[in-house]
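Here the structure is laid out as C-alpha coordinates; the discussion comes afterwards.
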Amino acid sequence: MSIQNIDVLYTAVATAENGRDGRVASHDGNLDVVVNPPKELGGSGAGTNPEQLFAAGYSACFQGALGVVARQEKADISGSTVIASVGIGKNEAGGFGLEVAITASIPNVDEATARALVEKAHQVCPYSNATRGNIKVELAVA
(Lines give C-alpha, C1' and ligand atoms only; values in the text may rest on other atoms or scores of the structure.)
Protein backbone atom coordinates (compact mmCIF):
# COMPACT_ATOMS: atom_id res chain seq x y z
CA MET A 1 0.00 0.00 0.00
CA SER A 2 1.38 3.41 -0.90
CA ILE A 3 1.25 6.59 1.13
CA GLN A 4 -1.60 8.83 0.08
CA ASN A 5 -0.89 12.47 -0.70
CA ILE A 6 -3.62 14.82 0.50
CA ASP A 7 -4.38 18.51 0.40
CA VAL A 8 -4.32 19.25 4.15
CA LEU A 9 -7.23 21.45 5.22
CA TYR A 10 -6.67 21.32 8.99
CA THR A 11 -4.06 19.96 11.37
CA ALA A 12 -4.86 19.00 14.96
CA VAL A 13 -1.98 19.17 17.41
CA ALA A 14 -1.87 17.62 20.88
CA THR A 15 0.84 17.02 23.45
CA ALA A 16 1.01 14.11 25.89
CA GLU A 17 2.88 14.15 29.18
CA ASN A 18 3.79 10.89 30.96
CA GLY A 19 2.23 8.68 28.28
CA ARG A 20 -0.65 6.47 29.40
CA ASP A 21 -0.49 7.76 32.96
CA GLY A 22 -0.48 11.53 32.64
CA ARG A 23 -2.20 14.20 30.65
CA VAL A 24 -2.96 15.03 27.03
CA ALA A 25 -4.01 18.43 25.72
CA SER A 26 -4.72 19.97 22.35
CA HIS A 27 -2.70 23.05 21.49
CA ASP A 28 -5.85 25.16 21.16
CA GLY A 29 -6.90 24.25 24.72
CA ASN A 30 -10.22 22.67 23.69
CA LEU A 31 -9.11 19.25 24.94
CA ASP A 32 -7.25 18.79 28.21
CA VAL A 33 -7.68 15.44 29.94
CA VAL A 34 -6.03 13.21 32.49
CA VAL A 35 -5.13 9.83 31.03
CA ASN A 36 -4.73 6.64 33.04
CA PRO A 37 -4.62 3.01 32.01
CA PRO A 38 -7.93 1.20 32.51
CA LYS A 39 -8.24 -1.20 35.44
CA GLU A 40 -8.23 -4.10 32.95
CA LEU A 41 -4.66 -3.13 32.04
CA GLY A 42 -3.50 -2.64 35.62
CA GLY A 43 -4.21 1.06 35.91
CA SER A 44 -6.38 3.14 38.18
CA GLY A 45 -9.01 3.83 35.54
CA ALA A 46 -9.37 7.29 37.09
CA GLY A 47 -8.98 9.18 33.79
CA THR A 48 -9.69 8.51 30.19
CA ASN A 49 -7.38 6.36 28.09
CA PRO A 50 -6.08 6.44 24.51
CA GLU A 51 -8.55 3.76 23.40
CA GLN A 52 -11.50 5.85 24.63
CA LEU A 53 -10.12 8.90 22.85
CA PHE A 54 -9.70 6.86 19.65
CA ALA A 55 -13.24 5.47 19.98
CA ALA A 56 -14.64 8.98 20.48
CA GLY A 57 -12.78 10.34 17.46
CA TYR A 58 -13.64 7.38 15.23
CA SER A 59 -17.35 7.41 16.12
CA ALA A 60 -17.64 11.18 15.52
CA CYS A 61 -15.71 10.96 12.25
CA PHE A 62 -17.73 7.97 11.03
CA GLN A 63 -20.99 9.76 11.89
CA GLY A 64 -19.76 12.71 9.80
CA ALA A 65 -18.92 10.41 6.89
CA LEU A 66 -22.36 8.83 7.22
CA GLY A 67 -23.85 12.32 6.87
CA VAL A 68 -21.83 12.98 3.70
CA VAL A 69 -22.99 9.71 2.16
CA ALA A 70 -26.61 10.23 3.26
CA ARG A 71 -26.72 13.65 1.59
CA GLN A 72 -25.36 12.13 -1.63
CA GLU A 73 -27.93 9.31 -1.46
CA LYS A 74 -30.74 11.60 -0.27
CA ALA A 75 -31.29 9.33 2.76
CA ASP A 76 -32.74 10.46 6.08
CA ILE A 77 -30.27 9.66 8.87
CA SER A 78 -31.81 11.96 11.48
CA GLY A 79 -31.69 10.32 14.89
CA SER A 80 -28.81 8.06 13.86
CA THR A 81 -25.95 7.12 16.17
CA VAL A 82 -22.56 5.51 15.67
CA ILE A 83 -20.83 3.48 18.37
CA ALA A 84 -17.13 2.70 18.01
CA SER A 85 -15.80 -0.03 20.29
CA VAL A 86 -12.00 -0.11 20.41
CA GLY A 87 -10.26 -3.18 21.82
CA ILE A 88 -6.60 -3.41 22.74
CA GLY A 89 -4.64 -6.60 23.22
CA LYS A 90 -1.32 -8.29 22.67
CA ASN A 91 -0.38 -9.06 19.08
CA GLU A 92 1.74 -11.85 17.60
CA ALA A 93 4.86 -9.65 17.51
CA GLY A 94 4.84 -9.23 21.29
CA GLY A 95 3.50 -5.68 21.19
CA PHE A 96 -0.05 -4.42 21.31
CA GLY A 97 -2.69 -3.99 18.65
CA LEU A 98 -6.16 -2.56 18.26
CA GLU A 99 -9.41 -3.75 16.77
CA VAL A 100 -12.57 -1.75 16.16
CA ALA A 101 -16.27 -2.55 15.90
CA ILE A 102 -18.48 0.15 14.37
CA THR A 103 -22.21 -0.14 15.00
CA ALA A 104 -24.56 2.33 13.35
CA SER A 105 -28.21 2.80 14.21
CA ILE A 106 -30.15 4.54 11.45
CA PRO A 107 -33.84 4.42 12.42
CA ASN A 108 -35.37 6.13 9.37
CA VAL A 109 -34.16 3.69 6.69
CA ASP A 110 -34.59 -0.03 6.12
CA GLU A 111 -31.82 -2.45 7.06
CA ALA A 112 -30.51 -2.91 3.50
CA THR A 113 -30.25 0.85 2.99
CA ALA A 114 -28.58 1.25 6.40
CA ARG A 115 -25.99 -1.41 5.53
CA ALA A 116 -25.27 0.23 2.18
CA LEU A 117 -24.88 3.65 3.82
CA VAL A 118 -22.51 2.22 6.44
CA GLU A 119 -20.38 0.48 3.78
CA LYS A 120 -20.15 3.72 1.77
CA ALA A 121 -19.34 5.75 4.91
CA HIS A 122 -16.53 3.28 5.62
CA GLN A 123 -14.98 4.25 2.26
CA VAL A 124 -15.31 8.00 3.01
CA CYS A 125 -14.31 8.15 6.71
CA PRO A 126 -10.69 9.29 7.27
CA TYR A 127 -10.34 6.99 10.31
CA SER A 128 -11.50 4.02 8.23
CA ASN A 129 -9.07 4.97 5.48
CA ALA A 130 -6.24 5.32 8.01
CA THR A 131 -6.91 1.93 9.62
CA ARG A 132 -7.80 -0.07 6.48
CA GLY A 133 -5.39 -2.97 6.10
CA ASN A 134 -3.78 -2.23 9.47
CA ILE A 135 -6.35 -3.35 12.03
CA LYS A 136 -9.54 -5.38 12.05
CA VAL A 137 -12.61 -3.15 11.66
CA GLU A 138 -16.04 -4.77 11.78
CA LEU A 139 -19.18 -2.95 10.62
CA ALA A 140 -22.67 -3.60 11.92
CA VAL A 141 -26.13 -2.07 11.77
CA ALA A 142 -28.28 -2.07 14.89
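Not measured: the values here are computed from a predicted model.
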CA sep, side-chain torsions, deciding dist, call: Val24, Leu53, side chain to side chain contact (heavy atoms under 4.5 Å, CB included): CA-CA 10 Å; Val24 65; Leu53 294 170; 4.0 Å; yes

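- Between Phe62 and Tyr58, the ring planes lie tilted relative to each other; the angle falls in the 30° to 60° range.
- Rounded to the nearest 0.5 angstrom, Leu41 CG and Asn36 CG are separated by 12.0 Å.
- Looking at Asp21 and Pro37, their side chains come closer than 4.5 Å, going by heavy atoms from C-beta outward.
- For Ala140, the side-chain contact (heavy atoms from CB on, under 4.5 Å) partners at least two apart in sequence or on another chain are Thr103.
- With hydrophobic clusters built from ILVMFWY side chains whose heavy atoms lie under 4.5 angstrom apart, Val86 shares a cluster with Ile135.
- Put simply, CG on Asn129 and CG on Asn134 are 11.0 Å apart, with the number rounded to the nearest 0.5 Å.
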Enumerate donor-acceptor pairs with a distance under 3.5 Å from any side-chain N or O in residues 107-116 to protein atoms, sequence neighbours excluded.
unit_1: Asn108; atom_1: ND2; unit_2: Asp76; atom_2: OD2; d: 3.3
unit_1: Asn108; atom_1: ND2; unit_2: Ser78; atom_2: O; d: 3.0
unit_1: Asn108; atom_1: ND2; unit_2: Ser78; atom_2: OG; d: 2.9
unit_1: Asp110; atom_1: OD1; unit_2: Ala112; atom_2: N; d: 3.1
unit_1: Asp110; atom_1: OD1; unit_2: Thr113; atom_2: N; d: 2.8
unit_1: Asp110; atom_1: OD1; unit_2: Thr113; atom_2: OG1; d: 3.0
unit_1: Asp110; atom_1: OD2; unit_2: Thr113; atom_2: OG1; d: 3.3
unit_1: Glu111; atom_1: OE2; unit_2: Arg115; atom_2: NE; d: 3.1
unit_1: Glu111; atom_1: OE2; unit_2: Arg115; atom_2: NH2; d: 2.8

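- Using a 4.5 Å cut-off on side-chain heavy atoms (C-beta onward), Ser80 and Leu66 make contact.
- With values rounded to the nearest 0.5 angstrom, His27 atom NE2 is found 11.0 Å from Asp32 atom CG.
- When side chains are defined from C-beta on, Leu117 counts as touching Glu73, because their heavy atoms get closer than 4.5 Å.
- Taken to the nearest 0.5 Å, the CD atom of Glu40 stands 11.5 Å off from the CD1 atom of Ile88.
- To the nearest 0.5 Å, the span separating SG on Cys125 from CD on Gln63 amounts to 10.5 Å.
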Verdict with supporting geometry, Val137 and Thr131, side chain to side chain contact (heavy atoms under 4.5 Å, CB included): CA-CA 8 Å; Val137 177; Thr131 59; 3.7 Å; yes

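- Residues Ile106 and Val118 are in side-chain contact: their nearest non-hydrogen atoms beyond the backbone lie under 4.5 Å apart.
- Between Arg132 and His122 there is a side-chain heavy-atom pair separated by less than 4.5 Å.
- From Ser44, atom OG reaches atom NZ of Lys39 across 8.0 Å, with rounding to the nearest 0.5 Å.
- There is a path of hydrophobic side-chain contacts, each under 4.5 Å, that joins Val141 to Val69.
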Derivation of the side chain to side chain contact (heavy atoms under 4.5 Å, CB included) call for Glu138 and Ile102: CA-CA 6 Å; Glu138 293 184 359; Ile102 298 286; over 6 Å; no

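- Considering only heavy atoms from C-beta on, Glu119 comes within 4.5 Å of Leu139 through its side chain.
- Side chain to side chain, Gln123 and Ser128 fail the donor-acceptor criterion of an N or O pair below 3.5 Å.
- Under a hydrophobic clustering in which Ile, Leu, Val, Met, Phe, Trp and Tyr are joined whenever their side-chain heavy atoms come within less than 4.5 Å, directly or via other members, Val82 and Val124 fall into the same cluster.
- When all heavy atoms of Ile77 and Gly67 are compared, the closest pair comes out as CD1-CA, 3.6 Å.
- Scored by the salt bridge (charged side-chain N to carboxylate O under 4.0 Å, His left out) test, Glu99 finds Lys136 as partners (sequence neighbours excluded).
- In terms of heavy atoms, Gln52 sits closest to Gly47 at OE1-O, 4.2 Å.
- Between Tyr127 and Val100 the shortest side-chain heavy-atom distance does not fall below 4.5 Å.
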